[in-house]
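Beneath this line is the structure, given in structure tokens, with notes to follow.
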Amino acid sequence: AQTVTQSQPEMSVQEAETVTLSCTYDTSESDYYLFWYKQPPSRQMILVIRQEAYKQQNATENRFSVNFQKAAKSFSLKISDSQLGDAAMYFCAYRRDATSGTYKYIFGTGTRLKVLA
Amino acid sequence: DTGVSQDPRHKITKRGQNVTFRCDPISEHNRLYWYRQTLGQGPEFLTYFQNEAQLEKSRLLSDRFSAERPKGSFSTLEIQRTEQGDSAMYLCASSLVFGNTGELFFGEGSRLTVL
């Protein structure tokens with residue numbers, strides 16, 4: 001069974017600095033998707049960034065980028081120029097490719113990010 | 001487009017009572033998911049639908065839980081004979097089948113407290 005592990009329950013970063021959140025996953029599949037979701041306090045979860053496993057190039061979205069290491073099954077999120085609004089729970093998620101016949105998303109336990117002014 | 005809406009947002013009930021949650025997905029989205037989230041944990045998969053068909057259900061899900069999506073639009077999640085361990089946030093999410101970037105759109109959740 002696929003699993004997603006986030007080993008950092010909580011991280012802190014100074015405003016304007018850079019922080020990296022870690023995620024590892026376990027799968028025997030070769031095609032899949034990886035996601036980072038952000039859940040601000042008392043608000044709904046929103047997508048931050050996604051990565052297709054067949055793409056070697058790391059995804060970037062403005063201040064957010066990932067370091068995707070397929071062989072190591074590692075998918076870390078880097079937040080540059082951290083802002084107070086980045087404070088939230090961050091969840092790493094995995095979904096198998098469409099050809100697997102399932103569209104279930106598996107989430108990690110999350111990392112709480114605190115941004116210090 | 002008003003996003004994914006869930007009702008009620010908060011529900012307090014006594015142990016043994018039945019509760020029902022409703023989710024209205026984004027109108028053109030044909031996949032709908034239910035997740036459960038307890039404090040400090042990540043979302044735990046419960047079930048998902050494609051149109052009106054329930055395609056997958058967690059093996060961890062008690063038979064006290066049932067979900068429906070009768071016309072492929074809104075969905076309901078019913079919990080019968082609630083237990084204190086059912087206290088959690090119940091999240092609904094929806095997505096497209098075609099032209100799908102894989103993004104799930106979440107509602108704000110329905111928080112259940114079982115006394």
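Atoms considered below: every heavy atom in the structure, side chains included; atoms not considered: hydrogens, waters and symmetry mates. In the text below, chain A, chain B and the rest are named by the order of the sequence lines, each starting its count at 1.
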Would you mind checking which part of A:Gln39 comes under 4.5 Å of any heavy atom in chain B, side chain (CB onward), backbone (N, CA, C, O), both or neither?
side chain
Output the option from B:Gln50, B:Glu56, B:Glu44, B:Arg111 having the highest count of non-hydrogen pairs under 4.5 Å with chain A.
B:Glu56
Rounded at 0.5 Å granularity, tell me how far CD in A:Gln44 sits from CG in B:Leu91.
10.0 Å
For A:Lys70, I'd like to know if atom NZ has over 12 heavy atoms of other residues, nucleotides or ligands within 6.0 Å.
yes
Identify whether NZ of Lys or CZ of Arg in B:Arg22 sits under 6.0 Å from the centre of the six-membered ring of B:Phe74 and within 45° of that ring's axis.
yes
Assess whether a salt bridge exists between B:Glu108 and B:Arg9, defined as any Lys/Arg side-chain N lying under 4.0 Å from an Asp/Glu carboxylate O.
yes
Look at A:Val4, A:Thr109, A:Ile106, A:Ile46 and state which one has the largest set of heavy-atom pairs under 4.5 Å with chain B.
A:Thr109
Please classify the contact between B:Phe105 and chain A as side chain, backbone, both or neither, with a heavy-atom cut-off of under 4.5 Å.
neither
